[in-house]
Amino acid sequence: VGEDIFLDGDFGSGASNILSVDPGIAPGFVYNPITPLYDGEYIITNNIGLWQNSWDWLPIQETSSDPDGYMMVVNASFEPGLFYSQLIDGLCPNTLYEFTAEIINVIPPGSNALKPNVSFLLDGVEVINTGSIPEDAQWHTYGFTFTTEPDQSSLSLSLSNNAPGGIGNDLAIDNISFRACGPEAFILPEEVEYLCLDGTPLDLEVTIIGDQYSNPTFQWQQSYDEGLTWEDIVGSTDLSYTHNDFSSGYYYYRFLVSNNEENLSNDKCRVNSNSKLIQILPEEYELTDSICEGVSFLVGDTFYTETGT
C-alpha cells in the first residue's frame with residue numbers, strides 16, 4: 001500500500017482530554033463535549049478513563065503511542081444512522097484503494113449488552129458490514145478494497161450504525177486510513193547493508209510482486225532524516241539505482257511505483273517500497289569508558305588508573 005492519504009483519520013491530538021469544538025463529522029449524531037454521552041451523541045477524546053461519568057465503559061485511550069492522541073467515541077442512536085462521513089478528492093481513475101478503520105466495543109466483557117454493528121459505505125452504498133463487534137476489550141481492524149471508476153476523482157466515505165440504541169451499542173473508532181494499493185514492492189535483501197569506506201558501488205534493484213499495474217513506472221527516493229521525509233533522486237527512474245557515495249554515515253533509499261508517469265506524481269495514486277538502509281562504516285571508532293577508583297583500564301600495554309582524559 002501507499003502512504004495514508006486520509007490525514008484526518010486519526011482525529012488529531014491535544015492536551016485537553018475532550019475536544020471542545022464540534023468537528024462536524026457525524027451528520028446523524030449530536031456532538032456532546034460533556035460526559036456522559038447519551039444515545040445519538042459522540043465525542044472526540046484521548047482517554048475515557050479520565051471522564052467524570054462514562055457509564056462504566058472501558059477506560060481506554062486511543063491506539064497510537066501518542067498519549068494525547070484523540071479517538072471518536074459514539075453512543076449509538078435508537079435509529080440506525082451515519083456517525084461518520086467525509087469527502088475524499090484528488091483520486092486517480094482505475095486505481096485500487098484500501099479503506100480501513102479500527103473499532104472497539106467500549107462495553108466491558110461479560111455485560112451481554114447490545115453489540116455495535118457498523119456498515120462501511122462508498123457514496124452512500126454499503127460495501128461491507130462488521131457484523132456484531134464483540135465485547136472483548138480489543139481493537140479490531142475492518143476494511144475493504146475497491147477500484148475507482150474510469151472518470152472518478154472523488155468519493156464519500158461513511159460509517160453507519162445498524163444496531164438499535166439502548167443498553168450497549170457503544171463504540172470507539174480510530175485510525176481511519178485510505179491508501180492506494182498496488183504490487184508488493186521491495187528492495188532486497190531488506191537487511192541493513194554495511195559497506196566500507198573503500199568499498200565498491202552497490203546496485204539496488206526493483207523487485208515487485210503482482211500484476212496490478214500494467215505499465216509500472218518508478219521513481220527512486222532518498223531520505224536525509226532517517227525516513228521521516230523523502231526526496232526524489234532526479235533522473236532515477238530505472239529498475240535499479242547505484243549507491244556510490246562512500247562518506248561515512250547512513251543512507252536511506254526507497255522507490256515509488258505507479259501505473260503511469262502521471263499517477264507517479266500524485267501521492268494518492270502510488271505505492272512505495274520498503275526503506276533500505278546502507279551504512280558506510282568509519283575507519284575509526286571513538287570508545288568512551290569510566291575508570292572507578294581502584295580499577296584500571298588497559299590500552300595496549302598501558303594501564304590507566306588516574307582521573308583524566
Side-chain angles (χ1 to χ4, degrees), residues 1-10 63-66 88 90-100 102 141 143 145-148 175-197 199-282:
V1 296
E3 302 286 352
D4 186 3
I5 62 178
F6 191 50
L7 303 181
D8 297 327
D10 63 358
T63 62
S64 77
S65 59
D66 182 356
I88 296 182
L91 304 179
C92 290
N94 292 320
T95 301
L96 183 68
Y97 288 96
E98 176 194 66
F99 175 44
T100 61
E102 295 182 56
T141 300
T145 58
F146 68 96
T147 302
T148 50
N175 296 329
I176 301 172
S177 70
F178 191 71
R179 304 172 186 268
C181 299
E184 292 183 273
F186 300 100
I187 304 174
L188 299 176
E190 297 184 79
E191 292 76 23
V192 177
E193 201 82 40
Y194 297 100
L195 302 178
C196 296
L197 292 176
T200 57
L202 176 67
D203 290 333
L204 304 176
E205 305 286 345
V206 164
T207 298
I208 58 173
I209 302 173
D211 57 1
Q212 288 83 357
Y213 293 159
S214 59
N215 181 35
T217 306
F218 307 98
Q219 173 64 60
W220 287 90
Q221 293 187 316
Q222 186 170 0
S223 174
Y224 299 96
D225 54 11
E226 300 182 350
L228 293 178
T229 60
W230 294 88
E231 298 180 14
D232 290 350
I233 302 174
V234 178
S236 299
T237 58
D238 297 327
L239 290 171
S240 66
Y241 176 78
T242 301
H243 174 84
N244 53 20
D245 187 342
F246 288 90
S247 300
S248 177
Y250 298 88
Y251 300 83
Y252 291 82
Y253 294 102
R254 74 175 186 180
F255 65 86
L256 307 175
V257 56
S258 70
N259 204 27
N260 53 55
E261 289 188 13
E262 182 179 0
N263 285 2
L264 195 62
S265 62
N266 188 337
D267 61 2
K268 298 180 181 180
C269 311
R270 66 194 187 196
V271 301
N272 52 267
S273 72
N274 60 300
S275 60
K276 176 71 174 182
L277 172 58
I278 298 174
Q279 181 181 359
I280 307 299
L281 302 172

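In this text, all values refer to a predicted model and were calculated from it rather than measured experimentally. Just so you know, these numbers use all the heavy atoms, side chains as well, and skip hydrogens, waters and symmetry mates.
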- prompt: Tell me the salt bridge (Lys or Arg N to Asp or Glu O under 4.0 Å) pairs involving residues 217-229, sequence neighbours left out?
  reply: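 Sorted pair list comes back empty.
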
So which heavy atom on [X] is nearest to which on [Y], and how close?
X	Y	value
P201	F246	N-CZ, 3.6 Å
P216	V257	CB-CG2, 4.0 Å
W220	T237	CD1-N, 4.5 Å
C181	V1	SG-CG1, 4.1 Å
L264	T217	CD1-O, 3.7 Å
Y97	K268	OH-O, 2.7 Å

Contact between [X] and [Y] at the side-chain level, heavy atoms closer than 4.5 Å - yes or no?
X	Y	value
E193	L204	no
V271	Y213	yes
L256	E3	no
D4	D10	no
F99	I176	yes
L228	S223	no
S265	R270	no

At what distance, to the nearest 0.5 angstrom, does [atom1] of [X] lie from [atom2] of [Y]?
X	Y	atom1	atom2	value
S240	I187	OG	CD1	11.0 Å
I278	Y250	CD1	OH	13.5 Å
F255	I233	CZ	CD1	12.5 Å
Q221	S275	CD	OG	11.5 Å
L281	S248	CG	OG	7.5 Å
I208	S273	CD1	OG	11.5 Å

message: For N175 and T63, which I'm curious about, is there any donor-acceptor pair between the side chains at under 3.5 Å?
response: yes

query: D245 and S247: side-chain donor and acceptor closer than 3.5 Å?
result: yes

More than 12 heavy atoms from other groups under 6.0 Å of [atom1] on [X]:
X	atom1	answer
E262	CD	no
D211	CG	no
Q279	CD	yes

- request: Please answer whether the main-chain N or O of P189 pairs with a side-chain N or O of K276 as donor and acceptor at a distance below 3.5 Å.
  value: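 Confirmed, K276 side chain pairs with P189 backbone.
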
task: Kindly say whether T95 contributes a backbone atom to a donor-acceptor pair with the side chain of N259 at under 3.5 angstrom?
output: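 No; zero donor-acceptor contacts below 3.5 Å.
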
- request: Before giving the answer on side chain to side chain contact (heavy atoms under 4.5 Å, CB included), spell out for L91 and I5 the whole-Å C-alpha distance, their side-chain angles and the decisive distance to 0.1 Å.
  value: CA-CA 10 Å; L91 304 179; I5 62 178; 4.0 Å; yes

query: Between Y253 and Y241, is the gap from one ring center to the other below 6.0 Å?
result: yes

